[in-house]
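Please read through the structure below; I'll follow up with questions.
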Amino acid sequence: MKVEARDGVMLCERCYRRLRRHIEDAADIVGHLRSIADPTKAAAYDRIRVQSSSVEIPAPVAADLIDASNDITTTLNMWANHVAGEDRPGAGLWAGAMADEAHAVVQLAADVILDDLDALANDSHQVEALWEGVCSPNGDAPEVWSIADAAMRWPLEDEPRWAQAACPKCELMAVRVQPGRNGRPSRYRCTSTECDWEANSTDDDGLWASVFAEAVAPQIRPHDPSMLTLVAAARLVRREPGTVRGWVKDGYLKPHLGRYREADVLAVAARKRGEVA
């Protein structure tokens, strides 16, 4: 089946967005892996349990956590160097890199790549190589981890919500909104099996950010004790409700959404007493 390519690139819209999405998530994924591994307190191992009575032996951590975070960092640094015109290999994470440090390194590289993503995606050789390092799944025990591999193994904790507007393509109420993390754009994806529409909050000059903005709950104002019901107004001036209703009918008393201002009720009552006197 032939699929129309996205304007200006050599990928279909769906693949382009998948590529961009994984690069946008890379820093969060690497930070997540390093926080699990906590390499300053743990020793890497390959599914081998270490038993010892010594309290000084650090808790073991699966080596694939370290490998995955290092491979992703190396891949993105290599591409960032390429985009910047620097002829040097990509660097991995240094030993003992903390989660926030790893996140900052990968985020810097990802931003460089994202700024030039359209140009990379318009070159068949470059986009094929970039796709391989970012999106290609390599199995349960890959020799080199792609971002997609890590995302499948250690998914980020997300809290998507249903959009309150219909999908612009299939017109079904099936769009899921994924809030952006750490300043990244929010994403919108149609979950209908017959539709592949997807966008983020920066697309089309921010159009979808407004279309799929979360509805703001109406503010409930506290009760104003000076606004009285008909019965309360009548009780205040010791009259029958029918009398107060007559004041409204005759134009002496003005209602406000079914309520009456206490000061207005007292003023009309005083006027009526003066007329009787």
| What are the two closest non-hydrogen atoms of Leu33 and Ala150, and how far apart are they? |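 Taking every non-hydrogen atom into account, CD1-CB, 4.3 Å.
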| task | With the side chain counted from C-beta on, respond yes when Val244 and Val268 share a heavy-atom pair under 4.5 Å apart, and no when they do not. | result |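 No - every pair of side-chain heavy atoms lies 4.5 Å or more apart.
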| query | How close do Arg34 and Trp94 get, heavy atom to heavy atom, and via which atoms? | reply |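 Taking Arg34 first and Trp94 second, the nearest heavy atoms are NH2-O, 4.0 Å.
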| message | Working to the nearest 0.5 angstrom, can you tell me the gap between Leu117 CG and Gln126 CD? | response |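 CD of Gln126 is found 11.0 Å from CG of Leu117.
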| said: Donor-acceptor check, side chain of Arg18 to backbone of Cys135, threshold 3.5 angstrom: yes or no? | reply: yes
| request: Say whether, by atom type as modelled, one donor and one acceptor occur between the side chain of Thr73 and the main chain of Val106 under 3.5 angstrom. | output: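 Not confirmed, Thr73 side chain does not pair with Val106 backbone.
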| So which heavy atom on Met10 is nearest to which on Asn122, and how close? | SD-O, 3.4 Å
| task | Using side chain to side chain donor-acceptor pair (under 3.5 Å) as the criterion, list what pairs up with Asp100, not counting sequence neighbours. | result | none
| message | So for atom CD, which belongs to Glu101, do other residues, nucleotides or ligands contribute more than 12 heavy atoms lying within a distance under 6.0 Å? | response | yes
| task | Answer with yes or no whether the side chains of Ser146 and Asp149 bring together a donor and an acceptor at under 3.5 Å. | result | yes
| request: Indicate yes or no: at least one non-hydrogen side-chain atom of Val127 is less than 4.5 angstrom from one of Leu120. | output: no
| said: Give me the atom names and distance for the closest heavy-atom approach of Ser192 to Leu172. | reply: OG-CD1, 3.7 Å
| Does His103 reach the side chain of Val30, with side-chain heavy atoms less than 4.5 Å apart? | no
| query | Only one of Asp71, Thr74, Thr75 forms a side chain to side chain contact (heavy atoms under 4.5 Å, CB included) with Trp145, so which one is it? | reply | Asp71
| task | Could you tell me the separation between the OG1 atom of Thr202 and the CH2 atom of Trp208, rounded to the nearest 0.5 Å? | result |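 That separation rounds to 13.0 Å.
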| field | Side chain Asp115, main chain Val112, donor-acceptor under 3.5 Å | value | no
| message | Can you tell me if Asp205 has over 12 outside heavy atoms packed within less than 6.0 Å of its CG? | response |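 Atom CG in Asp205 is not packed in, count stays at 12 or less.
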| request: Supply the atom-to-atom distance Glu194 CD to Cys167 SG, rounded to the nearest 0.5 angstrom. | output: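 Rounded to the nearest 0.5 Å, the CD-SG separation comes out at 12.0 Å.
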| Hey, mind stepping through Asp64 and Arg153 against side-chain contact (heavy atoms from CB on, under 4.5 Å) and telling me if it holds? | CA-CA 10 Å; Asp64 50 11; Arg153 178 75 70 86; 2.8 Å; yes
| message | Quick check against the 3.5 Å criterion: does Asn138 have a side-chain atom that pairs as donor or acceptor with the backbone of Val144? | response | yes
| message | Take a 6.0 Å sphere around CD of Glu86 and say whether it holds more than 12 heavy atoms from other residues, nucleotides or ligands. | response |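 Buried by this count: over 12 neighbours within 6.0 Å.
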| message | Strictly distance-based, threshold 3.5 Å: is any side-chain N or O of Asn70 a donor or acceptor partner for the main-chain N or O of Gly92? | response |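 No, Asn70 side chain to Gly92 backbone: no donor-acceptor pair under 3.5 Å.
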| Is the Trp197 ring parallel, tilted or perpendicular to the Phe212 ring (thresholds 30°, 60°)? |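 Trp197 vs Phe212 ring planes: tilted.
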| field | Results of side chain to side chain donor-acceptor pair (under 3.5 Å) for His125 - residues two or more places apart only | value |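 Listed in chain order: nothing, the list is empty.
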| Between Arg6 and Leu11, is a side-chain contact (heavy atoms from CB on, under 4.5 Å) present by the stated rule, with each step listed? | CA-CA 6 Å; Arg6 175 185 170 95; Leu11 291 172; 5.9 Å; no
| field | Considering all heavy atoms, the nearest Ile113-Leu76 contact | value |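 Nearest heavy atoms, Ile113 then Leu76: CD1-O, 3.5 Å.
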| said: Return the CZ to CG distance between Arg259 and Asp264, rounded to the nearest 0.5 Å. | reply: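 Atom-to-atom, Arg259:CZ and Asp264:CG are 15.0 Å apart.
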| task | Assess whether side-chain contact (heavy atoms from CB on, under 4.5 Å) is satisfied between Glu128 and Trp131, documenting all intermediate values. | result | CA-CA 5 Å; Glu128 183 177 352; Trp131 183 274; 5.8 Å; no
| field | Side chain to side chain, Leu19 and Tyr16, heavy atoms closer than 4.5 Å | value |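 Heavy-atom side-chain distance check fails, nothing below 4.5 Å.
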| request: Output yes when a side-chain donor or acceptor of Asn200 lies under 3.5 Å from a complementary backbone atom of Asp203, and no otherwise. | output: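 Indeed, once roles are kept as given, a pair shorter than 3.5 Å links the two residues.
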| said: Exactly one of Arg17, Arg21, Arg176, Lys169 should register a side chain to side chain donor-acceptor pair (under 3.5 Å) with Glu198. Which one does? | reply: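 Per the side chain to side chain donor-acceptor pair (under 3.5 Å) rule, the option paired with Glu198 is Arg21, out of Arg17, Arg21, Arg176, Lys169.
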| query | When rounded to the nearest 0.5 angstrom, what distance separates OG in Ser35 from CH2 in Trp154? | reply |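 These two atoms lie 11.5 Å from each other.
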| field | Co-membership, hydrophobic cluster, residues Leu266 and Val248, 4.5 Å side-chain | value | yes
| Met173 and Val177: same hydrophobic cluster, using ILVMFWY side-chain contacts below 4.5 Å? |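 No, because Met173 and Val177 fall into different hydrophobic clusters, even though each may have its own neighbours under 4.5 Å.
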| query | Is any side-chain heavy atom of Arg187 less than 4.5 Å from a side-chain heavy atom of Asp25? | reply | yes
| Considering all heavy atoms, the nearest Ala151-Ile29 contact | CB-CD1, 3.8 Å
| task | For Trp247 and Val237, run side-chain contact (heavy atoms from CB on, under 4.5 Å): C-alpha distance rounded to whole Å, both residues' side-chain angles, the deciding distance at 0.1 Å, then the answer. | result | CA-CA 13 Å; Trp247 295 348; Val237 294; 4.2 Å; yes
| remark: side chain to side chain donor-acceptor pair (under 3.5 Å) filter on Arg189, not counting sequence neighbours, yields none
| Looking at CD1 of Ile36 and CD1 of Ile66, how far apart are the two atoms once the value is rounded to the nearest 0.5 Å? | 10.5 Å
